[in-house]
Amino acid sequence: FCQAVGVCHSTQHFSSFSATMPWFGAPKEEAEKQQIYFSAIDGLKQMYKAKILPVEDVFKYTMVSPILSDADFDAKPQVLLLGQYSVGKTSFIKYLLEREFPGSHIGPEPTTDRFWAVMHGPSDRITPGNAVAVQADKPFRGLSQFGTGFLSKFELSQCPCPILEHVTFVDTPGVLSGEKQRIGRSYDFVKVVQWFAEKCDLILLLFDAHKLDISDEFKRTIAALKDVDDKIRVVLNKADQVDDQQLMRVYGALMWSMGKVFTTPEVKRVYISSFSTLPFRDGTNAALFERERDDLLKELRDLPRNNAIRKVNELVKRTRHVKVHALLIGYLRNQMPSFFGKAEKQSELLANMGEVFRAVQREHHLPFGDFPQIEVFCAAIKDYDFSKFPKPDLKMIEQMDKVLATDVPAIMNQFPTEREDAARASAAGPAGPAAAAAAAVGNPFDPFNDAVRAAPAVEWVISVADQGKYRGIFQSCQPVDGLLGGDAAKAVLLKSKLPYETLGKIWHLADIDQDGSLDSDEFAVAMHLCHHAMAGGTVADTLAPELVPPSKRH
C-alpha cells in the first residue's frame with residue numbers, strides 16, 4: 001500500500017512540475033530586472049579592466065589566480081555537484097533536464113570517470129577538454145593550468161535543453177576512497193574542484209542514504225572549499241529507500257559526519273529527498289520529500305536573478321585579496337637587501353611568513369580574513385626573486401579602496417531597491433480590482449505613497465548594448481565620485497551639433513535628481529535623447545516613464 005501511495009504521489013508531482021512551476025519564467029518585471037543585472041555585469045567588466053587588472057599586472061597577482069576574462073563575467077550561473085560514486089549526481093542532472101545529456105551514463109558502479117560541463121547548445125554535442133580550454137567564449141580557459149592530464153578527463157556536453165539557457169551544471173567523478181585516492185588520479189583532484197568552486201554559484205554535496213562515510217579525499221576536498229563554504233548545500237539523496245526510523249538515524253549520522261569535517265559552528269542546509277524520475281519507493285514521507293525538493297528547486301531557479309549580485313560579491317572579495325597581495329609583495333620587496341645576502345634573506349622571509357603577515361596587518365590595519373593561506377602563498381611565490389618584485393605603490397592601493405568605497409556601491413545602486421520590489425508586487429498582487437482601486441486612491445497617511453506609485457513597472461527603453469556603449473563614454477570622461485559635471489558632459493554632448501536650446505532641454509531632462517551633474521544612468525538618458533534628436537525626433541518637455549532609469553524610480 002505504501003509503495004502504491006508513493007507511486008501515485010511522486011508521479012503526479014513529476015508530471016506537474018514543468019507545467020505548474022516553470023523553471024525560469026520571464027514576465028515583464030523579471031525581464032526588466034534581468035536587463036538591469038546585465039547592465040551591472042557590463043559595468044563590472046569595465047571596472048575590473050580599468051582599475052583592478054592594472055594592479056594585478058603590476059604586482060603579479062596571476063601567480064595566485066588567473067586573469068578574469070569576459071567569459072568569466074558573462075558566464076551563466078554554475079552548479080557544481082560533488083559526492084562519492086553512485087550517490088546520484090548524474091541522475092540529479094538528468095532529473096532536472098528531463099532527459100539524458102550527451103555522454104552521461106548511470107549505473108551502480110563508478111560510471112562518471114571525468115568532469116562534465118553541461119551547457120546549452122543548438123544540438124547534442126560533446127567537445128573534448130583540450131578544445132574547450134582554448135575557446136574564448138567559454139569560461140574554462142583557466143583549466144589549461146592543469147595540463148593535458150586533466151583536460152583529457154574533462155569534456156563539454158551541450159544539448160538544446162531550456163533549463164541550460166539559464167544555468168550550467170558541472171558533473172564530477174565520484175570521490176575515491178582507500179588506496180585508490182593515492183594512485184587513481186592523473187591530476188590534482190582537490191585543486192581542480194577548488195578552481196570550479198571559485199567559479200560556480202552553488203555547490204551541492206550529495207550523499208546516499210547508504211553512503212554516509214567521508215573518505216580522506218572527500219575530506220580534503222571539503223576542506224579546500226573553506227573560502228566558498230557559503231555556496232555549499234548538502235543533499236541527502238535516495239532518502240525514499242529507508243523507512244521513518246532508519247531515515248532519522250541516517251540524518252543523525254550524516255550531521256555527525258559533517259560536524260567532524262566542517263569546522264564552522266553554523267549548520268549546513270540539508271535537503272532530504274530523492275531526485276529521480278522514478279516514483280518514491282517508500283511513500284510514507286512523500287510530502288516531506290516533495291517540500292524539500294521544492295525548496296532546493298526554488299534555490300536553483302533563483303540563481304540567474306542572483307547571478308549578478310554573486311559576481312559583485314566575488315569581485316569585491318577578489319579586490320580585497322588583490323589589495324592584500326599587493327601590500328605583501330611590496331613589503332617583501334622592501335625587506336630585500338640591495339646587494340649581498342639576497343638568497344639568505346628570501347629563505348628567512350619564506351620561513352617566517354607568519355611574521356610578515358602580522359607586520360603587514362598591523363601596518364595597514366587589515367582584517368586577517370583577507371589574507372591568503374600561508375602555505376598556498378609561499379608555494380606561489382617561492383620560485384620568484386623577491387628583489388625584483390615591484391615597490392609599494394600607495395596610489396594603486398588607494399585605487400583599490402576607492403573601488404570598494406565608491407565604484408562597487410554605484411553598481412549596486414543599479415539593482416532594484418526593496419521599495420521598487422514592494423511596489424511592483426503590490427501592483428501585480430493577487431487581491432484583484434478592488435485592491436487596485438484602493439491603491440489608486442492611496443493612503444493619505446503613508447509618507448511613501450507618492451514615491452511608490454511613481455515607480456511604474458515599465459521596461460527601460462535604452463537597450464543593454466547602448467547602456468554598455470554609453471557607460472564606456474561616461475568612464476572615458478573621468479567622472480569624479482561617479483558623477484560628471486557640466487563642463488565634462490558638455491564636451492561630449494556638443495559633438496552632437498544640436499542647438500544649444502535642445503541641449504539645454506536634454507540636460508534638464510537627464511539630470512533627474514537636479515544636482516547639477518550626471519551619473520552613468522543619467523548620462524545614458526542624455527546620450528539616448530541626443531541620438532533621438534539627431535535622427536529628427538522631438539525632445540519632449542517631460543521625461544517619459546520608459547526613459548527613467550530603474551535606479552531613479554523611487
Side-chain angles (χ1 to χ4, degrees), residues 44-69 72 142 145 191 194-195 198 226-228 312-411 475 478 480-481:
L44 283 179
K45 285 192 290 187
Q46 295 188 21
M47 183 181 69
Y48 172 74
K49 293 177 181 178
K51 299 186 177 182
I52 303 174
L53 184 56
V55 183
E56 293 185 5
D57 288 338
V58 170
F59 292 96
K60 298 180 173 58
Y61 189 71
T62 52
M63 67 176 71
V64 177
S65 177
I67 293 174
L68 298 180
S69 64
D72 291 319
Q145 62 183 297
K191 288 186 177 180
Q194 191 173 16
W195 186 91
E198 291 174 354
K226 178 182 177 180
D227 292 338
V228 292
V312 172
N313 181 65
E314 293 298 320
L315 190 62
V316 168
K317 189 187 303 183
R318 184 182 181 95
T319 303
R320 297 172 71 95
H321 290 167
V322 170
K323 175 184 174 181
V324 170
H325 177 87
L327 292 172
L328 288 171
I329 292 297
Y331 180 87
L332 293 172
R333 170 64 178 83
N334 284 344
Q335 299 304 305
M336 294 297 292
S338 301
F339 298 104
F340 305 106
K342 293 182 180 180
E344 294 79 3
K345 185 61 177 180
Q346 180 162 329
S347 299
E348 178 186 342
L349 290 170
L350 286 171
N352 297 283
M353 192 57 66
E355 292 298 327
V356 172
F357 278 29
R358 279 186 285 272
V360 174
Q361 189 273 335
R362 287 193 300 267
E363 181 179 351
H364 299 281
H365 309 287
L366 302 170
F368 271 118
D370 292 346
F371 282 75
Q373 298 181 24
I374 293 179
E375 297 80 7
V376 175
F377 184 74
C378 289
I381 67 171
K382 65 179 182 180
D383 294 329
Y384 290 84
D385 185 352
F386 290 2
S387 63
K388 295 182 180 179
F389 281 165
K391 293 183 178 180
D393 189 333
L394 295 182
K395 288 185 178 180
M396 297 190 103
I397 303 303
E398 290 175 358
Q399 182 170 292
M400 295 289 95
D401 293 332
K402 185 178 179 181
V403 167
L404 296 173
T406 304
D407 296 339
V408 172
I411 291 177
Q475 295 293 341
Q478 298 180 343
V480 178
D481 294 332

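Since the structure is predicted, the reported quantities are computational estimates derived from the model, not experimental observations. Side chains are part of it too, since the values below use all heavy atoms of this structure and drop only hydrogens, waters and symmetry mates.
- In terms of heavy atoms, P66 sits closest to Q145 at CG-NE2, 4.2 Å.
- Once rounded to the nearest 0.5 Å, the distance linking CG of L366 with CZ of R358 reads 14.5 Å.
- More than 12 heavy-atom neighbours from other residues, nucleotides or ligands sit within 6.0 angstrom of NZ on K317.
- At least one side-chain heavy atom of D393 sits less than 4.5 Å from a side-chain heavy atom of F59.
- Distance CG/L68 to OH/Y48: 4.0 Å, rounded to 0.5 Å.
- Of the options H325, E56, H321, R318, a side chain to side chain donor-acceptor pair (under 3.5 Å) to S65 is made by R318 and by none of the others.
- With rounding to the nearest 0.5 angstrom, the CD1 atom of I67 is 12.5 Å from the CD1 atom of I52.
- Interatomic distance, M63 CE to F377 CZ, rounded to the nearest 0.5 Å: 7.5 Å.
- Taking NZ of K45 as the reference point, atom CG of L315 lies at 12.5 Å (rounded to 0.5 Å).
- In this structure, OG1 on T319 lies 10.5 Å from CG on D401, to the nearest 0.5 angstrom.
- Between the side chain of R333 and the backbone N or O of S387 there is at least one donor-acceptor pair closer than 3.5 Å.
- Taking every heavy atom of both residues into account, R320 and P367 meet most closely at NH2-CG, 3.6 Å.
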- Going through the checks in order, is the side-chain contact (heavy atoms from CB on, under 4.5 Å) test met by Q346 and L349? CA-CA 5 Å; Q346 180 162 329; L349 290 170; 5.6 Å; no
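- Under a 4.0 Å N-O distance rule, the pair D370/K323 does not qualify as a salt bridge.
- Around CZ of F368, the count of heavy atoms belonging to other residues, nucleotides or ligands within 6.0 Å exceeds 12.
- When atom types are taken as modelled, the side chain of Q475 and the backbone of Q46 share no donor-acceptor pair closer than 3.5 angstrom.
- When all heavy atoms of P54 and K51 are compared, the closest pair comes out as CD-C, 3.8 Å.
- Residues P392 and I397 have side chains not in contact (no heavy-atom distance under 4.5 Å, counting atoms from C-beta outward).
- In this structure, Y384 and F389 have tilted ring planes: the angle between them lies in the 30° to 60° band.
- Between the side chain of E363 and the main chain of V360, no donor-acceptor pair closer than 3.5 Å is present.
- Counting all heavy atoms, side chain and backbone alike, P390 lies closest to V58 at CG-O, 3.1 Å.
- The minimum heavy-atom distance linking V324 with P372 is given by the pair CG1-CD, 4.3 Å.
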- salt bridge (Lys or Arg N to Asp or Glu O under 4.0 Å) assessment of D407 paired with K402: CA-CA 7 Å; D407 296 339; K402 185 178 179 181; 5.8 Å; no
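- Each of I381, I329, N334 was evaluated against F386; a single residue qualifies, I381, per the side chain to side chain contact (heavy atoms under 4.5 Å, CB included) test.
- The two residues A50 and Q399 have their closest heavy-atom pair at O-NE2, 4.2 Å.
- Checked by atom type and distance alone, the side chain of N352 pairs as donor or acceptor with a backbone atom of E348 at under 3.5 Å.
- Checking side-chain atoms of Y331 against main-chain N and O of V356 turns up no donor-acceptor pair under 3.5 Å.
- Salt-bridge check for E398 with K395: failed, with every basic side-chain N at 4.0 Å or more from each acidic carboxylate O.
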